[in-house]
Amino acid sequence: MYSEKVMEHFANPRNVGEIENADGIGEVGNAKCGDIMKIFLKIEDNIIKDIKFKTFGCGAAIASSSVMTEMILGKSIEEALALTNKDVAAALDGLPAAKMHCSVLAEEAIKNAVGDYYRKNNIPVDFKSGCDGRCGGCGVNDGAE
């Protein structure tokens, strides 16, 4: 059902933990499946110098979080924002259709963490995450119905 890469990232997740005094924190969850991701960023000169995650959820959610951290560590904020759930799923050699929401959570979590960094630094949020903004995490469409 799962690729070897999914199983490897689930069994040996990378970048697990928290960053004290993180520059940006993003948390997303899916009440339907129970997965919750929290991403912590340390940013210097527009570059993601450190990233950690804590994920409560299934193996696909943990693997999606882990591979996402590897994909954006050392990248610019703009490169991180360009990451899509399809990129995450492809890096894992695919996810079952019923687990694609895990890759969506990884994309939303990074965008929410960058949005938090932008707010903390009074930088206007100038991206769309693909979500409807109801969670308010990214600052896009806050309060949307």
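Computation of the quantities below employed the complete heavy-atom set of this structure, encompassing side-chain atoms and omitting hydrogens, waters and symmetry-equivalent molecules. All residue numbers in this chain count up from 1 along the given sequence.
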Does any part of the side chain of I72, heavy atoms only, come nearer than 4.5 Å to the side chain of E79, both counted from C-beta? no
What is the minimum heavy-atom distance between Y2 and A60, and which atoms define it? CE2-CB, 4.0 Å
Approximate separation, where rounding is to 0.5 Å, of H9 NE2 and N15 CG: 10.0 Å
Rounded to the nearest 0.5 Å, what separation is found between the CZ atom of F40 and the CD atom of E20? 11.0 Å
Could you list all the salt bridge (charged side-chain N to carboxylate O under 4.0 Å, His left out) pairs where at least one residue sits in residues 81-97, not counting sequence neighbours? K5-D93
Please list, chain by chain and in numerical order, all residues satisfying salt bridge (Lys or Arg N to Asp or Glu O under 4.0 Å) with K120, sequence neighbours excluded. D116
Would you kindly confirm whether I77 and L41 end up in one hydrophobic cluster when ILVMFWY residues are joined by side chain heavy atoms under 4.5 Å apart? yes
Would I123 and Y117 count as a side-chain contact (heavy atoms from CB on, under 4.5 Å) here? Give the steps. CA-CA 8 Å; I123 300 168; Y117 169 75; 4.2 Å; yes
Counting only pairs under 3.5 Å, give me each side-chain donor-acceptor contact of residues 43-54, with atom names and distances, residues two or more places apart or in other chains.
residue: N46; atom: ND2; partner: E78; partner atom: OE1; Å: 2.7
residue: K54; atom: NZ; partner: E18; partner atom: OE2; Å: 2.6

Flag the pair I39 / M68 as yes when at least one side-chain heavy-atom distance between them is below 4.5 Å, and no otherwise. yes
Whether K75 side chain and L81 backbone form a donor-acceptor pair below 3.5 Å: no
List in chain and number order the residues that pass side chain to side chain contact (heavy atoms under 4.5 Å, CB included) with A89, two or more places apart in sequence or in another chain; answer none if no residue qualifies. L95, M100, S103
Across all chains, not counting sequence neighbours, the side chain to side chain contact (heavy atoms under 4.5 Å, CB included) partners of A61 are D35, M37, T55, C58, C102
Run the side chain to side chain contact (heavy atoms under 4.5 Å, CB included) test against F10 and tell me which residues pass, sequence neighbours left out. I62
Heavy-atom pair with the smallest gap, counting every atom of V67 and A91: CG2-CB, 3.7 Å
Any non-hydrogen side-chain atom of I19 less than 4.5 Å from a side-chain atom of I25? no
With sequence neighbours left out, write down each residue that passes side-chain hydrogen bond (donor to acceptor under 3.5 Å, both in side chains) with N12, or none if nothing qualifies. E8
Determine yes or no for a side-chain-to-main-chain donor-acceptor pair under 3.5 angstrom, with K111 supplying the side chain and A80 the backbone. no
Side-chain heavy atoms under 4.5 angstrom apart, residues restricted to Ile, Leu, Val, Met, Phe, Trp, Tyr: same cluster for V114 and M71? yes
E27 side, atom CD; N112 side, atom CG - distance, nearest 0.5 Å: 9.5 Å
Qualifying salt bridge (charged side-chain N to carboxylate O under 4.0 Å, His left out) pairs, either residue in residues 60-72, two or more places apart: R14-E70
